Amino acid sequence: MTEKKYYITTPIYYVNGSPHIGSALTTLCCDTLSRYHRMRGEKTWFLTGTDEQATKVYEAAEKVGKSPKEFVDALAEEFKSAWRNLHIENDDFIRTTEPRHVRGVQEFFSRLRDSGDIYRGMYEGWYCVSDETFFRDTDVQEDHLCPNAECRKPLRRVQEENYFFRLSAYAEPLLRHIEENPDFLQPDFRRNEVISFIQQGMRDMSVTRANNGWGIPVADEPDKVIYVWFDALINYVTAAGWPDDMARFQELWPADTHLMAKEIFVRFHATLWPAMLMALKLPLPKQVYAHGWWVGSSGQKEGKRTGGLPHPSEFSAEIAQLTGASKDIAVDSLRYLLLREMQFHGDSEFNYDNFLRRYNTDLANDLGNFCNRTCNMVGRYFDGTTPDGTVDPEISGLGAEVLADYDNALKEFRFNGALEAVWRLVSRMNRYVEEKKPWTLAKKGEMAELASTLRTCLEAIRVMATFLHPVMPFASRSLLEQIGADHIQTFEWRDASNWNLLNPGAKLPEPQPVFPRIQDTKSDEPAKGGSSVKQEKKLSEEIIKPVQKEESPETTATAESETITIEDFMKIQLRIADILAAEPIPNATKLLKLTVRIGEETRTILAGIAEMYQPDELIGKQIAVVANLKPRKMKGIESQGMLLAADVEGQAILLHPETKVPSGSRVR
RNA sequence: GGCGGAGUAGCUCAGUGGUUAGAGCGAACGGCUCAUAAUCGUUAGGUCGUCGGUUCAAGUCCGACCUCCGCUACCA
């Protein structure tokens with residue numbers, strides 16, 4: 001029992017299609033950490049799974065004409081195979097439809113109901129089916145659409161008796177725990193967000209819903225199902241054996257790391273979940289860690305979070321195609337690129353070209369080519385057998401520094417920092433070869449020096465492979481094969497500080513590039529070798545769809561060179577209007593509500609100019625408006641026209657007549 | 001509205017109050033030949049968001065402002 005164990009989890013993923021790059025990132029980070037800890041001799045347990053009890057599942061299954069069970073079975077399989085394809089090696093995969101979970105959730109619920117932490121109450125208000133969330137009257141506008149900006153679906157008015165979890169009672173204990181355990185919530189700035197969230201007051205939470213045929217029923221009240229988030233979080237303990245296999249549970253719990261993306265940190269993993277555990281008097285997880293998102297290239301601010309990002313399987317397939325590398329090498333390369341390019345704690349911009357460039361520079365040119373040139377020289381000067389000799393102490397010394405930096409970086413989940421450290425060794429080794437000039441040593445017949453030099457290079461490749469194994473489990477094996485180190489069966493962290501592991505005389509295979517280069521795409525030979533060039537261009541445009549170009553005034557003018565007739569233009573009734581009143585619109589940052597007079601007529605016009613103009617300064621001004629535009633409702637108010645303004649980098653500049661003119665004057 | 005973060009080279013980012021502000025990539029030039037148009041070297045390129053203050057000394061500390069971002073609220 002004194003054996004150190006490391007229990008790490010991803011969130012369970014909502015089954016709505018194959019995994020996108022975000023869930024792949026979380027899972028990849030966990031996999032890398034899990035492999036790293038295992039290499040260090042710890043007993044690791046890496047859990048992931050699927051969240052299958054949401055009401056939405058029922059509706060989605062209906063839509064495709066499947067039973068919910070068939071539907072989730074298929075999707076769970078899709079997740080499992082996607083993870084296999086990403087070289088993810090999880091120890092357990094929990095589905096919330098499994099008996100071990102369902103039973104555990106019901107037990108969890110019953111115990112809290114017995115203890116009074118879950119109590120009966122009447123709920124009346126608005127409910128969003130899609131988000132499975134209740135909203136207070138004050139949260140809802142008169143349009144009765146979901147306040148969640150990314151949802152905006154119609155709400156249902158519901159009145160039902162529900163159970164509530166006494167979340168409010170745990171605000172103080174939670175704050176105390178957070179304060180006493182600074183490492184509990186990470187990173188720091190997100191912990192602070194949690195603290196202010198709790199301090200603003202946490203309300204008790206409705207944790208049941210009416211049973212509509214899907215979800216985990218309350219044990220003795222089958223007309224109610226348990227709220228999907230309440231159910232989902234419990235997977236971390238049911239997968240560990242709670243409540244039936246307490247021996248196993250004692251061994252695994254508390255989890256060492258819950259890792260997840262930032263959007264489910266504050267409200268769920270950093271508050272609700274610990275409160276639930278406190279209520280049940282179970283130990284809290286040691287660490288809850290949130291990472292940022294991959295976001296599309298700039299210009300894409302709202303809406304689509306993952307819309308423009310490639311699916312991991314597509315991207316690795318493209319790498320394989322561009323390089324000619326095997327699928328396994330391509331997948332490992334993607335793993336490297338994702339972890340190297342990511343700023344773990346914040347958001348990172350996903351830039352396709354940067355990814356490809358880094359593949360070439362880091363993997364093909366620096367690491368791959370170093371391995372290849374070393375093996376070629378061993379082939380040429382030592383007939384392809386591992387030479388004996390003394391490893392240069394300067395190089396092994398650098399290896400020790402890299403090891404320390406790597407360990408420190410991973411402690412803080414800075415994957416990019418760990419990899420950067422490894423590449424210090426990689427570039428040192430390329431320089432080392434240049435300094436030692438093995439080809440000159442060979443000509444001069446200085447074979448002892450030559451042997452030591454190449455042995456140093458070979459050991460360095462082995463150490464690099466060890467460092468890289470958590471990130472590139474397959475490619476690290478390929479590196480070992482290249483240097484004829486097949487006798488090393490398993491990767492162990494202690495081998496990273498041992499610089500004398502290769503067997504002299506061991507035979508190397510014929511050298512093969514481990515990371516084939518992406519052919520130069522910049523050479524402008526459109527006819528020749530065009531396939532890869534075209535291929536890459538196509539990828540940039542198709543995989544990263546939202547290439548939202550900022551349209552400058554000139555490009556707009558020239559791009560829209562299509563002409564219209566005078567009749568077309570005359571269809572638009574442009575008129576001069578007097579602004580009678582202007583006021584801001586609640587809950588809107590850009591919109592102003594203008595009351596204008598066009599001749600004898602008074603109208604309401606909404607305009608997105610609040611960031612540029614104060615209401616006061618507009619009153620009395622004359623503006624040009626489109627008078628015969630179809631009315632449109634925004635924020636529950638009908639806008640009866642559109643004003644004209646110059647668009648300067650997204651900012652509206654109003655047009656005014658040069659001198660005062662009669663209201664309603666035609667503009668042409 | 002409140003709290004927090006960020007703004008440094010063409011790009012991505014480092015930078016404990018202390019010489020001429022750094023790295024990688026990209027660019028230009030040169031060397032080498034073991035290697036995957038590879039690699040090694042050199043060079044160019046920055047009024048460190050703006051203004052003011054503290055200090056012998058400010059990218060770094062303080063204040064104000066601008067821009068972007070995150071969390072959160074209020075809002076019939």
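Chain letters run A, B, ... following the sequence lines, proteins first, then strands; residues in each count from 1. Values below: every heavy atom of this structure, side chains too, minus hydrogens, waters and symmetry copies. Note that the coordinates shown come from a computational prediction; the quantities given were computed from them, not determined experimentally.
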Open item on the list: By nearest atom, which of the nucleotides B/U36, B/C71, B/C25 is closest to the A/A364 side chain?
Closed with: B/U36
TODO: Remember a base hit wins even if backbone is also touched, and classify A/R267 as base, sugar-phosphate or nothing at under 4.0 Å, heavy atoms.
DONE: sugar-phosphate
Open item on the list: At less than 4.0 Å, is any side-chain N or O atom of A/R431 found next to OP1 or OP2 of B/G41? Yes or no.
Closed with: yes
Task: Sugar-phosphate only, base, or nothing, as touched by A/F370 at under 4.0 Å among non-hydrogen atoms - done: nothing
Task: A/F315-A/W294 aromatic ring centre distance below 6.0 Å - done: no
- [ ] With the side chain of A/N372 defined as its heavy atoms from C-beta on, choose the nearest nucleotide among B/C25, B/U36, B/C34.
- [x] B/U36
Open item on the list: From NZ of A/K443 over to C1' of B/C32, roughly how many Å is that when rounded to an integer?
Closed with: 10 Å
- [ ] Decide ring pair (Phe, Tyr, Trp, His ring centres under 6.0 Å) for A/F265 and A/H291; before the verdict, give the C-alpha distance in whole Å, the side-chain angles of both, and the deciding distance to 0.1 Å.
- [x] CA-CA 9 Å; A/F265 181 71; A/H291 64 75; over 10 Å; no
Open item on the list: With a 4.0 Å cut-off on N to O distance, would you call A/R373 and A/E434 a salt bridge?
Closed with: yes
- [ ] Look at all strands and tell whether A/N376 reaches a base, only sugar-phosphate, or nothing, counting heavy atoms closer than 4.0 Å.
- [x] sugar-phosphate
Open item on the list: Classify A/T361 by what it touches in the nucleic acid, base, sugar-phosphate, or nothing, heavy-atom distance under 4.0 Å.
Closed with: sugar-phosphate
TODO: Under 4.0 Å between any heavy atoms, over every strand shown, what does A/D347 touch: base, sugar-phosphate, or nothing? Just pick one.
DONE: nothing
- [ ] May I ask you to verify if any side-chain N or O of A/Q343 is less than 4.0 angstrom from the OP1 or OP2 atom of B/U12?
- [x] no
- [ ] Round to a whole Å and report the spacing from OH of A/Y359 to C1' of B/G26.
- [x] 20 Å
Open item on the list: Could you check whether A/E394 pairs with A/R428 (Lys NZ or Arg NE/NH1/NH2 to Asp/Glu carboxylate O, under 4.0 Å)?
Closed with: yes
Open item on the list: Counting the atoms with a prime plus P, OP1 and OP2 as sugar-phosphate, which does A/P516 contact under 4.0 Å by heavy atoms, base, sugar-phosphate, or nothing?
Closed with: base
Open item on the list: For a quick check of understanding: with a heavy-atom distance under 4.0 Å over all strands, which category does A/R190 fall into, base, sugar-phosphate or nothing?
Closed with: sugar-phosphate
Task: Phosphate OP1/OP2 of B/U39 contacted by A/N365 side-chain N/O (<4.0 Å) - done: yes
TODO: Could you check which of B/U36, B/A73, B/C34 has an atom nearest any side-chain atom of A/P513?
DONE: B/U36
Open item on the list: Under 6.0 Å from the ring centre and within 45 degrees of the ring axis: does the NZ or CZ of A/R157 meet both conditions for the six-membered ring of A/W126?
Closed with: yes
- [ ] Using only side-chain N and O atoms of A/R340, determine if any of them is under 4.0 Å from OP1 or OP2 of B/G24.
- [x] no
